[in-house]
Structures are given as structure tokens and as C-alpha cells.
Amino acid sequence: MATKEELLKELSDCVLDLRDDEVEEVAQSYIDAGFEAYDGIFYGLVDGMNKAAKLYEEEEYFIPELMICSDAMYAGLDVLRPHIDSSQMKQKCKVAIGVVEGDTHDIGKNLVKIMLEASGYEMIDLGRDVPIQEFVDAVVNDGARAVALSTLMSTSMPNMAKVVQKLEEAGVRDQVKVIVGGGPLSSGYARKIGADGYSDSAVEAVELLDGLMGW
């Protein structure tokens, strides 16, 4: 019988090695062995996705590989999630995520969404080329307590500042954390526009938001 550590590594490897057709069986074996679903998700599936994200950043993996990795992770999640002990899994807040108006590049946004969702956040995916008001509406009408803004185009960067400004005008800026990311951005720019933080990778985005939200 495989040990817990062996099965966690197998779950991680299924995601990392694009074995989306095997992960459900491994996840079921993990549950059948009596191990905690929470650990299987975070030290197995999410661990594999973290490694895949790093390979993507290092340009060893590309979009097709990354999509298969995410398919594998979600397939494993479908098996493990129903077995999570609710006392272990904190219900995290809603996060509105989107590519700001003027940009349609959404690969980075999608990867951050995958990582945040896997870490327990409830995601409101607004898509790409998102009008400024939609981010505000997600806070006011849908209860988002964090907003994640993305762009790969310097010409769209001013729209990030406009989102922060609109949140202030709506009187909800103090109720929400704003994080930003994308190729042309920096932590200095995040501070300049009044955002709460900047991340240059999907892995760091989870750590950043966890810190800001106090998880």
C-alpha cells in the first residue's frame, strides 16, 4: 500500500506531468486510503500546479501544457473536494478578477484565477477588456472583497488607476483589497495608483492576497 507521501507526490506529478487521464484514479486511491483531502489538494494538486506555473514562467512550459495541467488539477479537485473537513478548509472571500479595459491578453489572468481558486477563494471572473465600472459592480453588487487587475499593455495601465479611483468614488475602497499584475507593472506603480500590492507571478499572487486578507 502506498504511503501518504507517495500518493501526494503522485498527485503532484499527475498535474505537473500532464497526466490528466490518471489523476482521478490517484485521487480516489488517496481518499480510499483514509488520508485527508485537504492535504491532497494543497500538498498534492496545488503543489503540482505551483511547479507547472514556475516552468511556465521559465518558458519551459507553454499555454497548451499549462491548460492540461489545470485540467488535471480540476479533475483531482472534483474527487477530493467532497471529502474536505470543513473545519480545516477556511471559506475565503470572493475575488473579482479581470484584464482591464483596453487589453485582451488573459493567459496570466487565467493562471492567477486557477491558483487563487485552488487556494480556496471564490472567483468572479470578469474576463478581458473589462469596463472599469464592472469591477466596482463586483464589489458593490456581488460582494467581492478583493479585486485582481491584470494587463500586459502599458497603454491600459491608466485604467488600473481609474478602477481604484472609481472604488473610492463609490465609497467602497476601504472595504476591498486591490492587487495588480502584468508584464509592464511594478510594485512602485502599484503604490503610485493606490493599489494594495503587486505580484509578478501566479504563485506570488496567492501569497500576496493571503497576507492582505489575513489568511
Can you confirm whether [X] sits close enough to [Y] that some side-chain heavy atom of one is under 4.5 Å from a side-chain heavy atom of the other?
| X | Y | value |
| --- | --- | --- |
| Met213 | Tyr121 | yes |
| Glu207 | Met115 | no |
| Val95 | Ile124 | no |
| Val112 | Leu116 | yes |
| Met153 | Pro184 | no |
| Lys177 | Val147 | no |
| Val100 | Phe135 | yes |
| Leu167 | Val178 | yes |

Atom pair [atom1] ([X]) and [atom2] ([Y]), whose distance is rounded to the nearest 0.5 Å:
| X | Y | atom1 | atom2 | result |
| --- | --- | --- | --- | --- |
| Ser201 | Asn50 | OG | CG | 9.0 Å |
| Leu185 | Ile193 | CG | CD1 | 7.0 Å |
| Lys92 | Leu209 | NZ | CG | 8.0 Å |
| Glu22 | Ser29 | CD | OG | 11.5 Å |
| Leu212 | Leu208 | CG | CG | 4.5 Å |

ask   = Mind checking whether Ile179 and Met123 sit in one hydrophobic cluster, side chains of I, L, V, M, F, W, Y counted as touching below 4.5 Å?
value = yes

key: In one Ile/Leu/Val/Met/Phe/Trp/Tyr side-chain cluster, 4.5 Å: Leu111, Leu149   = no

Assess whether atom [atom1] of [X] is packed by more than 12 heavy atoms of other residues, nucleotides or ligands within 6.0 Å.
| X | atom1 | result |
| --- | --- | --- |
| Lys166 | NZ | no |
| Glu59 | CD | no |
| Glu168 | CD | yes |

May I ask you to say whether [X] pairs ionically with [Y], meaning some side-chain N is under 4.0 Å from a carboxylate O?
| X | Y | value |
| --- | --- | --- |
| Lys94 | Asp142 | no |
| Asp196 | Arg173 | yes |
| Arg128 | Glu101 | no |

query = Hey, would you say the Phe35 and Tyr30 ring centroids sit under 6.0 Å apart?
reply = yes

Per-pair distances, 0.1 Å, donor-acceptor, side chain in residues 63-82, under 3.5 Å, sequence neighbours excluded:
| from | atom 1 | to | atom 2 | distance (Å) |
| --- | --- | --- | --- | --- |
| Glu65 | OE1 | Phe62 | N | 3.0 |
| Ser70 | OG | Met67 | O | 2.7 |
| Tyr74 | OH | Glu117 | OE1 | 2.5 |

key: Residues in side-chain hydrogen bond (donor to acceptor under 3.5 Å, both in side chains) contact with Lys9, at least two apart in sequence or another chain   = Asp13

